[in-house]
Amino acid sequence: MIALLDCNNFYVSCERLFNPKLINRPVVVLSNNDGCIISRSNEAKRMGIKMGEPVFKVKHILRKGKVIVLSSNYSIYGDISNRIMNILKDSLSDVEIYSIDEAFFSLRGVNDRQKKCIYLADKILKWTGIPVSIGIAKTKTLAKIANRVVKKKKEYSRLKFNYKNVLEVKKDNDLEYILNNTNVQDVWGVGKKLSIFLNQNNIKNAQELKQCDENFIREKKGVVLQRTVLELRGVKCNYIETSLPIKKSICVSRSFGRKLYYYRDIRSALIVFVQKATSKMRKYNLFCRVITVFLKTSKYEKEVYSNSKTYTLIEPTIDIRLIWKIADDLLRNIFKDSFLYSKVGIILSDFYDKKNIQKSLIDYKSISETKEIKLMKTIDNINDRFGYGKIRLSSDNNQNFFSNSIVRNRKSPSWQMKTKYCSPCYTTRWCDIPKVKV
DNA sequence: TCTGGGGTCCTAGGACCC
DNA sequence: TCTGGGGTCCTAGGACCC
């Protein structure tokens with residue numbers, strides 16, 4: 001049997017840990033750039049605020065309901081997430097960290113599965129303060145559904161719930177009842193497009209999807225959806241992945257705090273993203289061969305433009321100077337005057353381990369300890385010790401960006417994200433650690 | 001005024017090979 | 001009249017996830 005653990009309203013729950021004023025009040029957390037609502041407290045959900053909704057569309061509800069609005073603070077969420085995952089790993093052998101707030105784990109060999117899960121949920125609540133829900137079933141897809149049922153008990157009023165936050169579906173007729181009362185678009189792996197297709201073919205709920213002709217699904221929509229159908233029938237197609245997957249691409253990109261018109265402004269944003277992407281790549285000890293830069297206007301803009309260019313090197317590289325030079329060229333290639341741009345980004349891909357690098361036949365030199373590698377290591381060491389951005393590529397417009405954590409009043413570069421309502425980094429920055437008066 | 005970021009996987013089609 | 005069979009690799013685009 002497989003269990004899925006999911007933290008309840010995760011970002012809001014994290015914020016509440018350090019700010020008790022948020023408890024029992026409607027709270028929402030916003031996406032980067034304060035654009036959309038991506039986490040809601042139960043109080044906010046009850047007011048009809050939807051997941052993913054742009055803030056400006058629900059301004060009136062937020063104001064009227066005195067909803068507390070927060071920018072997202074990923075250093076807190078990441079840190080709390082690590083603590084929760086470590087608790088799981090301490091008492092289980094097969095844990096797959098599926099996302100920042102979700103984990104699958106195997107319950108093979110466990111006698112009383114619900115008891116074990118209740119114990120884990122209690123421990124997580126006690127040790128971290130985060131409430132969680134756990135669903136248990138034969139496959140990942142069914143565990144996802146069971147988990148959803150725990151969180152939406154009201155929609156399944158005929159079920160008997162023995163526990164507040166854990167559910168194992170044991171009886172066949174219970175499962176049938178659950179699947180009959182779960183819309184097809186709420187099944188894991190069925191998104192907007194597929195649910196439209198399924199509805200048109202008279203498949204409206206999970207039970208109907210389970211019983212439909214899998215060959216028809218395979219032929220029309222491919223193997224992924226076919227697997228979903230099989231998983232609904234209790235046939236395992238997706239297994240628990242305990243080892244970290246090998247990275248296939250690294251992307252760093254942000255929407256600008258305001259629309260940008262000038263090339264030099266966009267360039268000064270890109271140079272920062274390139275540095276983030278390359279330092280991330282070096283953390284994984286990887287070399288990349290393919291570099292992509294993309295640039296776009298908002299899709300809601302009157303004059304829409306979006307373009308990307310890719311460059312493939314002969315030899316994989318780790319050198320930020322080379323990567324930046326190429327990225328800069330690519331940007332110059334796709335930039336066009338007279339658009340109001342909202343976003344630029346870099347994608348590094350086609351990764352190689354140091355040992356598996358195919359050298360150029362023509363321009364051969366030994367890779368093992370070249371100057372580039374030594375230089376990059378030195379940069380990383382200095383930045384680790386003295387703070388990110390102490391050594392970086394130069395760009396005239398970014399002088400204040402890297403010192404902004406200390407001096408907040410200086411003018412920040414024009415592309416920087418909006419984070420108007422950000423809470424302190426309570427657990428990851430020395431000066432933000434909460435003070436307690438006794 | 002205002003609409004996130006970072007990923008993965010699959011498929012179809014084209015180009016090419018012998 | 002009549003034009004093979006079997007395959008790989010690459011890319012773009014579409015779908016999904018949180």
Side-chain angles (χ1 to χ4, degrees), chain A residues 4-7 9-11 28-39 50-60 62 69 71-74 77-78 81 96-104 140-141 144 147-148 184-198 217-228 237-238 241 244-259 269 273 276-277 280-281 284 289-290 292 294 296-302 304 306-310 312 340 342-351 417-421:
Chain A
L4 172 70
L5 174 140
D6 192 320
C7 302
N9 315 332
F10 184 53
Y11 297 169
V28 297
V29 174
L30 308 183
S31 63
N32 271 337
N33 237 347
D34 295 342
C36 297
I37 288 164
I38 53 169
S39 182
K50 290 202 199 80
M51 179 68 178
E53 191 116 57
V55 180
F56 74 93
K57 281 192 179 170
V58 289
K59 267 263 154 75
H60 57 288
L62 298 176
V69 176
S71 304
S72 36
N73 184 340
Y74 287 98
Y77 314 149
S81 172
E96 173 185 340
I97 300 170
Y98 178 64
S99 74
I100 194 163
D101 72 329
E102 278 177 71
F104 288 105
K140 281 185 168 179
T141 306
K144 272 271 191 187
N147 189 291
R148 186 175 176 278
V184 84
Q185 58 264 35
D186 294 323
V187 174
W188 188 47
V190 178
K192 211 175 178 180
K193 287 283 166 73
L194 288 176
S195 68
I196 291 170
F197 167 83
L198 292 170
I217 294 291
R218 167 82 198 227
E219 190 197 321
K220 294 287 179 195
K221 292 292 154 188
V223 67
V224 181
L225 192 58
Q226 185 194 21
R227 285 188 196 132
T228 301
C237 300
N238 300 304
E241 311 273 354
L244 275 182
I246 300 153
K247 275 257 171 233
K248 288 173 184 156
S249 66
I250 289 172
C251 169
V252 176
S253 145
R254 299 281 182 280
S255 292
F256 308 132
R258 57 182 173 79
K259 304 282 180 283
F273 301 164
K276 288 207 161 137
K280 205 167 169 182
M281 182 176 83
Y284 290 100
R289 204 164 77 98
V290 173
T292 304
F294 62 88
K296 49 178 134 185
T297 62
S298 159
K299 59 184 171 187
Y300 305 100
E301 201 76 32
K302 269 195 197 110
V304 179
S306 168
N307 203 352
S308 73
K309 270 248 151 65
T310 294
T312 304
L340 281 170
S342 69
K343 193 177 192 177
V344 73
I346 175 144
I347 306 170
L348 306 176
S349 55
D350 197 10
F351 293 130
M417 282 196 305
K418 282 186 252 173
T419 49
K420 215 164 135 191
Y421 320 100

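Letters A, B, ... mirror the listed sequences (proteins, then strands); counts begin at 1.
Mapped onto DNA chain B by nearest heavy atom, A/Glu219 and A/Gly52 fall at different nucleotides, with A/Gly52 at the one closer to the 5' end.
Remark: A/Lys140 qualifies as a cation-pi partner of A/Phe104 under the 6.0 Å distance and 45° angle criteria applied to the six-membered ring. In this structure, A/Lys221 satisfies the cation-pi test against A/Phe197, with its NZ or CZ atom closer than 6.0 Å to the six-membered ring centre and inside 45 degrees of the ring normal.
Comparing B/dC9, B/dC2, C/dA15 against the side chain of A/Lys259 picks out B/dC2 as the nearest. Nearest to the side-chain atoms of A/Tyr98 among the listed nucleotides C/dA15, C/dC18, B/dG5 stands C/dC18. In this structure, of B/dG5, B/dT8, C/dC18, it is C/dC18 that holds the atom nearest to the side chain of A/Ser99.
The residue A/Lys299 sits apart from the nucleic acid: no heavy atom pair falls under 4.0 Å. The residue A/Asp34 sits apart from the nucleic acid: no heavy atom pair falls under 4.0 Å. At a threshold of 4.0 angstrom between heavy atoms, the contacts of A/Glu102 are confined to the sugar-phosphate backbone, with no base atom among them. Using a 4.0 Å heavy-atom cutoff across all strands shown, A/Lys248 reaches sugar-phosphate atoms only and no base atom. Looking at heavy-atom distances under 4.0 Å, A/Val55 makes no contact with the nucleic acid at all. Using a 4.0 Å heavy-atom distance criterion, A/Lys280 is classed as a sugar-phosphate-only contact. At a threshold of 4.0 angstrom between heavy atoms, the contacts of A/Leu30 with the nucleic acid are absent. Residue-level contact check: A/Ser298 touches neither bases nor backbone, having no heavy atom under 4.0 Å from any strand. When heavy atoms are screened at a 4.0 angstrom cut-off, A/Lys192 is found touching the sugar-phosphate backbone but no base atom. Among the heavy atoms of the strands lying under 4.0 Å from A/Arg254 are primed sugar atoms or P, OP1, OP2 only; no base atom is included.
OP1 or OP2 of B/dC9 has not a single side-chain nitrogen or oxygen of A/Arg227 nearer than 4.0 Å.
Look at CD1 on A/Ile38: it is 10 Å from C1' on C/dC18, rounded to the nearest Å.
With a cut-off of 3.5 Å on both pairing distances, the Watson-Crick or G-U wobble partner of B/dC18 is C/dG5.
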